[in-house]
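In what follows, a structure is listed as structure tokens, so that the remarks can point back to it.
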Amino acid sequence: MLGHSPATPYTGTVNQTPAPLPDAPDYLQRLNPEQRMAIETTDGPLLVLAGAGTGKTRVLTTRFAHILLSGRARPYQILAVTFTNKAAREMRERIGTLLGEPVEGLWLGTFHALCARMLRRHAEYVGLSSGFTILDTDDQLRLLKQVIEPLRIDSKRWPPQGILGVIQRWKDRGLTPERVTPAEDCDFADGRCRAIYASYQARLVQLNACDFGDLMLHVTEILRTRPDVLAQYHRLFRYILVDEYQDTNTIQYLWLRLLAQREGQQSNICCVGDDDQSIYSWRGAEVENILRFERDFPGAAIVRLERNYRSTAQILGAASGLIAHNDGRLGKTLRPGRDDASGEKVRVASVWDSDDEARLVGEEVERLRAGGHRMSEIAILVRAGFQTRAFEERLIALGLPYRVVGGLRFYERAEIRDALAYMRVLNQPADDLAFERIVNVPRRGIGAVAMQKFHQAARDAGIPLTAAIGTMLERGEIKGKARDSLAALLNNLAQGREALPREGHVVVVDRLLEESGYIDMWKADTSIEAPGRLDNLKELVRALADFDSLGHFLEHVALVMENEESAGAERLSIMTLHGAKGLEFDTVFLPGWEEGVFPSQRTLDEGGLKGLEEERRLAYVGITRARHRAIISHAASRRIYGNWQSAMPSRFIEELPDEYVTTTGAASQTRSRGLGQAPVFSSAFPVTARRPRATDSADKGESRSGTALTVGTRVFHQKFGYGTVSSVEGNRLDVAFDKAGSKRLLDSFVEKAP
DNA sequence: GGATCGCTGATTTTT
DNA sequence: TCAGCGATCC
């Protein structure tokens, strides 16, 4: 495998560093030789291994501009793929800046957005029509439940989410129902997943809809089976650029390979990625894709970007030392791009518990703020969501402005989903899932029983729900309140649809939301959230005006679905390590580096090396987010699911090279001085609030310094109370506590019982 | 249709 | 511990 031969830095078609020509165009000035190589090696397959902070985005965008400006291709002949909308947007903007004007008609976007665009052109090949709806997670699940229901599957044992997960994983691997072999289908839902998958797909076609996975799956299937369509794209795309290649899953890989491998021509595909930052295997990403690049594209050139312009030498040293513990890497060492001998060492702080940890971080943030540090340049990066709470509480208490990144998104709010459902039915009357969502919102006296009847009628006649209800109304088969309210709703929708070309989508949607009573429903709501929801709805209608049609708007929402938050606000960010990928901050806090938290308990339980290495990459990503200052912390005891558990420092802490790290608190004692010391809280973190517990223990600890603990010794722990030492292993103890049971902990957190 | 009770299970998340 | 869910009751 490629990973075992990382010796040659550059292979294949390129072996000379282009000399920085004095007459090189402006946009190529002030790039380092590796970057120039990555940009100027335009033809033939190229893998750019771009370490954290090595100017990856700059290379990608400059390469794009270079291909255009050197006359190698027209803008629409370059396919540029990213994972997130944010990355796509950033690329588009920077290309515009480089070229001096915004460029139109680019094939630049996320895998899914590009596939949606392609699928609209060829939808008929997979039984859809070009106006198909893209379902969100909610709809997917609802649809799947409908499919499962008649099968009488025990939803306790086999939750629909689980089945949906199986289906999605198949889709990630490029498996249509026909391609799933019976052998693959036995582990879940008594071997009926394959059948469920098939009927789920059939229902989607009936609804003229597809889910997210289908965007990739359908297009790949078309490219696989329609040589004429494939040839068309081969002729179109002369160059392909891929960002974050290490995150591609199998279907994305297949899609790229189909587009790149052209009969009788070389593949001008350039993939940029970093195997050390692959942290999404649990989502189907295959690091193998990047490790295998040379085999897939023979004659591929490889360029390594290793000069890091982001972080201090100390931070890079710590991160590099850590990631060196992983096997099977493509091999890459970050070198400081600038001279930064004055940089601070990475700090590792030991604390008692999560409250202490939050207090420590809060104090340090206050200190930084007082020193003029920008709040938006500080981040607290956690492994998992539950860790954020302690920090939030502390920051609120201190009055420090923060935001938790990655909470509920705009599109996930109930009122936005409702309003979108109204628009979807307006746009496509056959959208049963959307109709179901709104039929009784606001209340129209339609219960489960009535819906059952409508469904039956629609199924029998083979028509959409709205059509079936329309027929039933005409025949007088619906009575009472339901009759009037449904007639009014269908009337609103029909009139809106008819008025659409005349009055425009903004006016029509606005009126539909008003006349259907949806807006009134929230006006009548007395809860505190209601005004906010009305604001959101106004915002949504306002956003409509940015699009030339309802269809385009819905497409955008389905694919982009993100919350455009007020940027630039002076707040520190709390987010997960995953969420921080691609970002950078002056100061980064990395709390919770404990066995069982980071690496996570689940990874430890699985016991595999792969999982652990991914956690280590996550740690690497965390450290490399910091420009100037990284502060790692670990607590000796943490409350997990309601009870206190003692925690060992993360193995990743031990893996940091000593010369780049300074430790404060208990870890420093255990790392360098060994047994018998109580936690000492470093003066590096000036204590403003009094911490009686910690201080007490430190004092007592010092008074008995030098006393070795042996098996049978009676000890006292601040949280667990009294206990007896049952084994000693270096500085690690097993203690049988009288009340709290048996725990494993660092000797420095207990003291000899009086 | 809405409130209440008890059970369960609890990383990481984009599109 | 505690939120989120489904079942149950009014």
May I ask you to evaluate whether A:Asn85 reaches the phosphate of B:dT14, defined as a side-chain N or O under 4.0 Å from OP1 or OP2? no

Out of B:dT12, B:dT15, B:dA10, which nucleotide sits closest to the side chain of A:His578? B:dT12

With sequence neighbours left out, what residues match A:Arg616 under salt bridge (Lys or Arg N to Asp or Glu O under 4.0 Å)? A:Glu655

The side chain of A:His112 is closest to which nucleotide in this list: B:dT11, C:dC2, B:dT15? B:dT15

Tell me: CG of A:Asp136 to C1' of B:dT14, nearest whole Å? 14 Å

Quick test of your reading: applying salt bridge (Lys or Arg N to Asp or Glu O under 4.0 Å), list the pairs with at least one residue in residues 631-647 of chain A, sequence neighbours left out, ordered by first then second residue. A:Glu357-A:Arg638, A:Glu594-A:Arg638

Answer with base, sugar-phosphate or nothing: what part of the nucleic acid does A:Ser600 contact at a heavy-atom distance below 4.0 Å? base

Calculate the interatomic distance between A:Ile251 atom CD1 and B:dT15 atom C1'; express it in whole Å. 14 Å

A:Asp172 CG to B:dT15 P, in whole Å, measures 15 Å

Closest listed nucleotide, where the reference is the side chain of A:Leu559 and the choices are B:dT12, B:dT11, B:dT15: B:dT15

Across the strands shown, which category fits A:Phe83 at heavy-atom distances under 4.0 angstrom: base, sugar-phosphate, nothing? sugar-phosphate

By nearest-heavy-atom nucleotide on DNA chain B, the more 5' of A:Thr110 and A:Gly385 is A:Gly385

Among all residues two or more places apart in sequence or in another chain, which pass the side chain to side chain donor-acceptor pair (under 3.5 Å) test with A:Tyr197? none

For residues 601-626 of chain A, which residues have at least one heavy atom under 4.0 Å from DNA chain B? A:Arg602, A:Thr603, A:Glu615

Are side-chain heavy atoms of A:Leu433 and A:Leu143 found at a separation under 4.5 Å? yes

By centroid distance (under 5.5 Å) and plane angle (under 30°), are A:Tyr280 and B:dT13 in a stacked arrangement? no

To the nearest Å, how far apart are A:Arg169 CZ and B:dT15 P? 21 Å

Non-neighbouring partners of A:Asp172 that pass salt bridge (Lys or Arg N to Asp or Glu O under 4.0 Å), sequence neighbours left out: none

Calculate the interatomic distance between A:Lys145 atom NZ and C:dC5 atom C1'; express it in whole Å. 10 Å

What about A:Arg639: does its side chain form a donor-acceptor pair under 3.5 Å with the base of C:dT1? no

Could you measure between the two C1' atoms, the one in C:dA3 and the one in B:dT14, and give it in whole Å? 24 Å

Please report the distance separating the P of C:dC5 from the corresponding atom of B:dT12, rounded so that it comes out in whole Å. 15 Å

Once ring pair (Phe, Tyr, Trp, His ring centres under 6.0 Å) is applied, do any residues pair with A:Phe391, and if so which ones, sequence neighbours excluded? none

Rounding to a whole Å, what distance do you find between A:His556:NE2 and B:dT14:C1'? 15 Å

Separation of the C1' atoms in B:dT13 and C:dC2, to the nearest angstrom: 23 Å

Output the single nucleotide from B:dT12, B:dA10, B:dT15 whose closest atom is nearest the side chain of A:Tyr641. B:dA10

Please identify each residue that fulfils side-chain contact (heavy atoms from CB on, under 4.5 Å) with A:Thr57, with sequence neighbours left out. A:Thr61, A:Glu90, A:Arg94

A:Trp255 CH2 - B:dT15 C1' separation (whole Å): 13 Å

Without decimals, in angstroms, what is the distance between A:Gln387 CD and B:dT12 C1'? 11 Å

Using the side-chain heavy atoms of A:Arg283, tell me which of these nucleotides is nearest: B:dT11, B:dT14, B:dT12. B:dT14

What I want to check is whether the side chains of A:Asn249 and A:Glu286 have a donor and an acceptor closer together than 3.5 Å. no

List, with names and distances, any nitrogen or oxygen atoms from the protein found under 3.5 Å away from nitrogen or oxygen atoms belonging to nucleotides 1-8 of chain B.
from: B:dG1; atom 1: OP1; to: A:Asn440; atom 2: ND2; distance (Å): 3.4
from: B:dG2; atom 1: OP1; to: A:Arg443; atom 2: NE; distance (Å): 3.3
from: B:dG2; atom 1: OP1; to: A:Arg443; atom 2: NH2; distance (Å): 3.2
from: B:dG2; atom 1: OP2; to: A:Arg443; atom 2: NH2; distance (Å): 3.3

Please compare A:Ala113 and A:Ile279 by the position of their nearest nucleotide in DNA chain B and report the one closer to 5'. A:Ile279

Is there a stack between A:Phe386 and B:dA10, judged by ring centres under 5.5 Å and planes under 30°? no

Does the gap between the ring centers of A:His578 and A:Tyr280 come in under 6.0 Å? yes

Using side-chain heavy atoms (C-beta onward) and a distance below 4.5 Å, is A:Arg444 in contact with A:Ser516? yes

Contacts of A:Arg437 that satisfy salt bridge (Lys or Arg N to Asp or Glu O under 4.0 Å) - sequence neighbours left out: A:Asp138, A:Asp418

